[in-house]
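Structure first, then comments.
Whatever order the structure lists ligands and atoms in, that order sets their numbers, starting from 1.
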Amino acid sequence: MESKKVLVTGGAGFVGSHLCDRLIADGHEVICLDNLFTGSKTNIAHLLAHPKFTFVERDVQMPFFVNVQWIFNLACPASPPHYQHDPVETVRTNVLGMINMLDLAKATGARVLQASTSEVYGDPLVHPQTESYWGNVNPISRRGCYDEGKRCAETLCFDYHREYGVDIRVIRIFNTYGPRMAKDDGRVVSNFILQALRGEDITVYGDGSYTRSFQFVDDLIEGMIAMMSQDGFVGPVNIGNPGEFTILELAKMVIDMTGSTSKIIHLPAVEHDPKQRKADITLAKDTLHWEPKIPLQEGLAKTITYFQSVL
Ligand code: NAD
Ligand code: UDP
């Protein structure tokens with residue numbers, strides 16, 4: 001593939017750093033923009049000296065001009081404790097950040113991919129979730145800053161596309177895990193693995209019957225590249241692993257795989273927590289010829305090895 005100049009916002013985060021790795025490995029020139037709110041320079045330390053990699057410490061809420069051909073917009077805290085820490089900031093990052101990236105795409109003719117989320121489906125009444133489902137989101141709940149911020153970002157993408165012909169790509173990412181998740185992230189996979197490795201109680205919120213479909217990060221990166229490389233298809237498209245597990249099943253799997261002596265405890269359920277989530281990936285299979293390859297057990301093993309090395 002021809003080498004491109006690529007901007008990755010949120011490139012020092014968990015997913016963004018893996019994306020930067022892949023783009024550099026493919027021979028592209030990468031500008032990584034990040035304000036290091038939840039990301040870290042450690043995630044990209046191995047890239048900093050690379051001649052085709054540039055790090056820019058900056059807030060995506062500030063307009064930014066650089067002549068690029070591809071923009072991946074990932075800047076936004078993704079774990080519930082982080083995005084609820086300063087909810088107004090989360091909305092601003094989603095909305096102002098998206099406007100800035102779409103204006104940049106409009107000015108340069110770049111293709112822009114938005115990292116949207118399965119959270120646009122809210123607490124879904126349709127199961128599994130297809131892209132045609134409009135969702136069940138409570139705009140005034142504590143998750144609203146993220147869910148509605150991401151929904152508004154999708155609206156902006158499609159309005160810039162219709163009104164100005166901006167070349168957009170929208171993917172809806174389902175729960176993704178893997179090496180480089182932040183230790184203080186608060187998401188379920190990193191929490192459970194860290195608790196198991198430290199011999200602490202495994203904290204299941206509620207009775208553990210809620211479900212998620214968990215995707216290993218390498219599969220997501222493959223899906224992102226496939227979507228960005230595809231002509232004539234803007235999305236939105238689900239990128240996730242359709243394997244569905246209850247949170248209790250995940251807790252037991254992590255305990256078994258780590259050989260931990262940790263006990264499962266039940267804490268109060270989280271308000272407005274979506275009860276079930278499972279990706280329908282028919283559209284991604286048909287249009288992108290993409291599907292995830294890494295089963296949960298295999299991805300968890302790699303993630304456990306990573307957390308063992310950082311502890
Ligand atoms: P993350 O928190 O590790 O990464 C987000 C990155 O964005 C961090 O490096 C952070 O410092 C940066 N950032 C936050 N606000 C910023 C701002 N105002 N300006 C510049 N940079 C800013 O999370 P992640 O899991 O890597 O998620 C990456 C993207 O993918 C996010 O947009 C998230 O909403 C989306 N997504 C992730 C998942 C998942 O399960 N990991 C699921 C759905 C969607
Ligand atoms: N969860 C849990 N214990 C934890 C962290 C999360 O039981 O220590 C639950 C959470 O309530 C939710 C699911 O795991 O039902 C996934 O949570 P996460 O924050 O990883 O992602 P999201 O809710 O955004 O899908």
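Considering both main-chain and side-chain atoms, N175 never comes within under 3.5 Å of ligand 1 through any nitrogen or oxygen pair. When only interatomic distances are considered, the shortest N/O to N/O separation between T93 and ligand 1 falls below 3.5 Å. At a 3.5 angstrom cut-off on N or O pairs, Q195 does not count as close to ligand 2. Residue R187 has at least one nitrogen or oxygen atom sitting less than 3.5 Å from a nitrogen or oxygen atom of ligand 1, judged on distance alone. Checked by distance only, ligand 1 and D34 come closer than 3.5 Å through their nitrogen or oxygen atoms. Checked against a 3.5 angstrom limit, the closest N/O atoms of T203 and ligand 2 fall inside it. Taking only nitrogen or oxygen atoms, main chain and side chain alike, G13 reaches within less than 3.5 Å of ligand 1. The shortest N or O to N or O distance between G186 and ligand 2 is not under 3.5 Å. Inclusion of A75 in the set of residues having an N or O under 3.5 Å from an N or O of ligand 1 is not warranted. Looking at F14 next to ligand 1, an N or O pair under 3.5 Å apart turns up. Checked by distance only, ligand 1 and D185 stay at 3.5 Å or farther apart across all their nitrogen or oxygen atoms. Not a single N or O atom of S118, backbone or side chain, sits closer than 3.5 Å to an N or O atom of ligand 1.
Between E29 and K4 there is no salt bridge, since no side-chain nitrogen of the basic residue lies less than 4.0 Å from a carboxylate oxygen of the acidic one. Using a 4.0 Å cut-off between charged nitrogen and carboxylate oxygen, R143 and D123 do not count as a salt-bridge pair. The pair R180-D21 meets the salt-bridge criterion, with a side-chain N (NZ, NE, NH1 or NH2) lying under 4.0 Å from an Asp/Glu carboxylate O. We find that R22 and D26 are joined by a salt bridge, their nearest charged nitrogen and carboxylate oxygen being less than 4.0 Å apart. Salt bridge annotation for K293-E298: absent, with no cationic side-chain nitrogen under 4.0 angstrom from a carboxylate oxygen.
Without hydrogens or angle criteria, T9 side chain to V60 main chain gives no donor-acceptor distance under 3.5 Å. Using a distance-only test at 3.5 Å, with no hydrogens or angles considered, no donor-acceptor pair links the side chain of H28 to the main chain of S3.
For the residue pair N241/Y177, the side-chain donor-acceptor check at 3.5 Å is not satisfied. The closest side-chain donor-acceptor pair between E244 and Q276, if any, does not fall under 3.5 angstrom. Y160 and D103 form a side-chain donor-acceptor contact under 3.5 Å, judged by distance and modelled atom types alone. Between the side chains of Q195 and T203, at least one donor N or O lies within less than 3.5 Å of an accepting N or O. A donor-acceptor contact under 3.5 angstrom links the side chains of Q114 and N73, judged on distance only. Using a 3.5 Å distance cut-off with no hydrogens or angles, the side chains of E154 and S116 do pair a donor with an acceptor. R92 and Q61 share a donor-acceptor pair across their side chains, judged by distance under 3.5 Å alone.
Comparing V189, T38, V8 by heavy-atom distance to atom 2 (O) of ligand 1, the nearest is T38. Of the listed residues (Y205, Y146, F214), the one carrying the non-hydrogen atom nearest atom 7 (O) of ligand 2 is Y205. The heavy atom nearest to atom 28 (C) of ligand 1, out of those in T9, L74, L33, is found in L74.
Here the protein heavy atom with the shortest distance to atom 16 (C) of ligand 2 is R212 NE, 3.7 Å. Nearest to atom 17 (O) of ligand 2 among the protein's heavy atoms is V188 CB, 4.1 Å. What sits closest to atom 8 (O) of ligand 2 on the protein, heavy atoms only, is N191 ND2, 2.8 Å. Protein heavy atom closest to atom 21 (O) of ligand 2, with residue, atom name and distance, is N175 ND2, 3.3 Å. Nearest protein heavy-atom neighbour of atom 13 (N) of ligand 1: N35 OD1, 3.4 Å.
Within ligand 1, counting atoms from 1 as listed, the ones closer than 4.0 Å to a heavy atom of S116 are 43 (C), 44 (C). Atoms of ligand 2 lying under 4.0 Å from any heavy atom of R187, numbered from 1 in the order shown and given with element: 19 (O), 20 (O). Proximity to F192 (heavy-atom distance under 4.0 Å) selects the following atoms of ligand 2: 3 (N), 4 (C), 8 (O). Ligand-side atoms of ligand 2 in range of R277: 25 (O), range being under 4.0 angstrom from any heavy atom. Residue contact check: P80 has heavy atoms under 4.0 Å from atoms 19 (O), 24 (O) of ligand 2. Those atoms of ligand 1 with a heavy atom of G10 less than 4.0 angstrom away are 6 (C), 7 (O), 9 (O), 12 (C). Near G39, meaning under 4.0 Å from one of its heavy atoms, ligand 1 places the atoms 8 (C), 9 (O), 10 (C), 11 (O). Near L36, meaning under 4.0 Å from one of its heavy atoms, ligand 1 places the atoms 11 (O).
Residue N73 does not touch ligand 1, judged by heavy-atom distances below 4.0 Å. Here V189 has no heavy atoms under 4.0 Å from ligand 2, in either its backbone or its side chain. Using a 4.0 Å cut-off between heavy atoms, R58 contacts ligand 1 through its backbone alone, with no side-chain atom that close. Contacts between R143 and ligand 2, counted as non-hydrogen atom pairs separated by less than 4.0 Å, involve the side chain only. At a 4.0 Å heavy-atom cut-off, ligand 2 touches I247 through the side chain alone. Only the side chain of D273 comes within 4.0 Å of ligand 2, counting heavy atoms alone; its backbone N, CA, C and O stay farther away. Counting heavy atoms closer than 4.0 Å to ligand 1, residue Y177 contributes nothing at all.
Residues N191 and V188 are not in side-chain contact: their nearest non-hydrogen atoms beyond the backbone lie 4.5 Å or more apart. Residues L283 and F233 are in side-chain contact: their nearest non-hydrogen atoms beyond the backbone lie under 4.5 Å apart.
Among the candidates H82, M181, R212, the single residue satisfying the side chain to side chain contact (heavy atoms under 4.5 Å, CB included) test with R187 is M181.
Note on ligand 1: Y146 sits in its first shell, one or more heavy atoms being nearer than 4.0 Å.
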Inset, instruction - Could you give me the CA-CA distance, side-chain angles and deciding distance for Y121 and N238, then say whether side-chain hydrogen bond (donor to acceptor under 3.5 Å, both in side chains) is met? - result: CA-CA 11 Å; Y121 302 122; N238 291 338; 2.8 Å; yes
